Amino acid sequence: MAKHHHHDHGGEDLKSAARDRLTTSGEQWTGMREAVFDALAGFDRPASAYDIAEAVSKAQERRVAANSVYRILDLFVGANLARRVESANAYVANNHPECLHDCIFLICDHCGQAKHIDDDSISQGVRKAAEKSGFAPTRPVIEVRGTCEDCA
């Protein structure tokens, strides 16, 4: 299977899918986790933990520490609710948390947008190349930097 398609959630449907995924994994959907997810999903480009902490602080009219946000983001990545854009040290909400697979990010150096694409043939090729070298891959990180269609 080279590519697969999934149902991309948005808005309240995305939050519901995220909540279902988290609670199915045995975790609680708390008010703070919901606030962090809402803030993350509200960004139109990858957001740092500091960006998210600032957004939650404004929404709740109280200071929220970035280290608390980092812990929640780590949980979200582990539960497939969010993806980390490694080269930007930032996060994006996963629009299809029920589907676990390797992601490829296309990151625009001009506007900062990160488009997520799926192509299992590419990530499987990276996994196989690593295995041929005697390496046991856990999670390939594939990010392509360049110029998006809007900035071209």
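Here the structure is a predicted model, which is why all the values come from computation and not from measurement.
Atom CD of Gln124 is separated from atom CG of Asp119 by 10.5 Å, given to the nearest 0.5 angstrom. Here the straight-line distance linking atom OH of Tyr70 with atom OG of Ser48 works out to 6.5 Å at 0.5 Å rounding. Atom-to-atom distance recorded for Lys115:NZ and Cys103:SG is 13.5 Å, nearest 0.5 angstrom. Rounded to the nearest 0.5 Å, atoms OG (Ser25) and CG (Leu81) are 7.5 Å apart. Rounding to the nearest 0.5 Å gives a distance of 4.0 Å between CD1 of Ile122 and CD1 of Ile104.
Scanning for side-chain contact (heavy atoms from CB on, under 4.5 Å) contacts around Asp74 gives Tyr91, with sequence neighbours left out.
Note: Phe105 and His116 have tilted aromatic rings, judged against thresholds of 30 and 60 degrees for the angle between ring planes.
In this structure, Lys58 pairs ionically with Glu54, as a charged nitrogen and a carboxylate oxygen lie closer than 4.0 Å. Ion pair Asp38/Lys15 flagged as a salt bridge, since at least one NZ, NE, NH1 or NH2 atom sits closer than 4.0 Å to an Asp/Glu carboxylate oxygen. Using a 4.0 Å cut-off between charged nitrogen and carboxylate oxygen, Arg33 and Glu27 count as a salt-bridge pair. At a threshold of 4.0 Å, the pair Arg84-Glu143 does not count as salt-bridged, since none of the basic side-chain nitrogens sits closer than that to a carboxylate oxygen.
Smallest separation of non-hydrogen atoms from Arg127 and Pro140: NH2-CD, 3.4 Å. Of all non-hydrogen atoms in Ala49 and Val69, the two that sit nearest each other are O-CG1, 3.7 Å. Across every non-hydrogen atom of Ser123 and Ile142, the tightest pair is CA-CD1, 4.0 Å. Looking at every heavy atom in both residues, Pro46 comes nearest to Gln113 through CD-C, 4.4 Å.
Under the 3.5 Å distance criterion, with hydrogens and angles disregarded, no donor-acceptor pair is assigned to the side chains of Asn94 and Arg21. With no hydrogens or angles considered, no side-chain donor-acceptor pair links Arg62 and Ser57 at under 3.5 Å.
The main-chain N or O of Cys111 is found under 3.5 Å from a side-chain atom of Arg45 such that the two form a donor-acceptor pair. Between the Ser133 side chain and the Phe135 main chain, no donor and acceptor come within less than 3.5 Å of each other.
Ile107 and Val92 fall within the same hydrophobic cluster, where Ile, Leu, Val, Met, Phe, Trp and Tyr residues are linked whenever their side-chain heavy atoms come under 4.5 Å apart, directly or through other members. Val85 and Phe43 sit in two unconnected hydrophobic clusters of ILVMFWY residues. Membership requires side-chain heavy atoms under 4.5 Å apart, directly or through other members. Residue Ile117 is not grouped with residue Val141 when hydrophobic side chains (ILVMFWY) are merged at heavy-atom distances under 4.5 angstrom, including chains of intermediate members. Both Phe76 and Val56 are assigned to one and the same hydrophobic cluster, defined by single-linkage of ILVMFWY side chains at heavy-atom distances under 4.5 Å. Both Val36 and Val77 sit in one connected hydrophobic cluster of ILVMFWY residues. Membership requires side-chain heavy atoms under 4.5 Å apart, directly or through other members.
At least one side-chain heavy atom of Ser87 sits under 4.5 Å from a side-chain heavy atom of Arg145.
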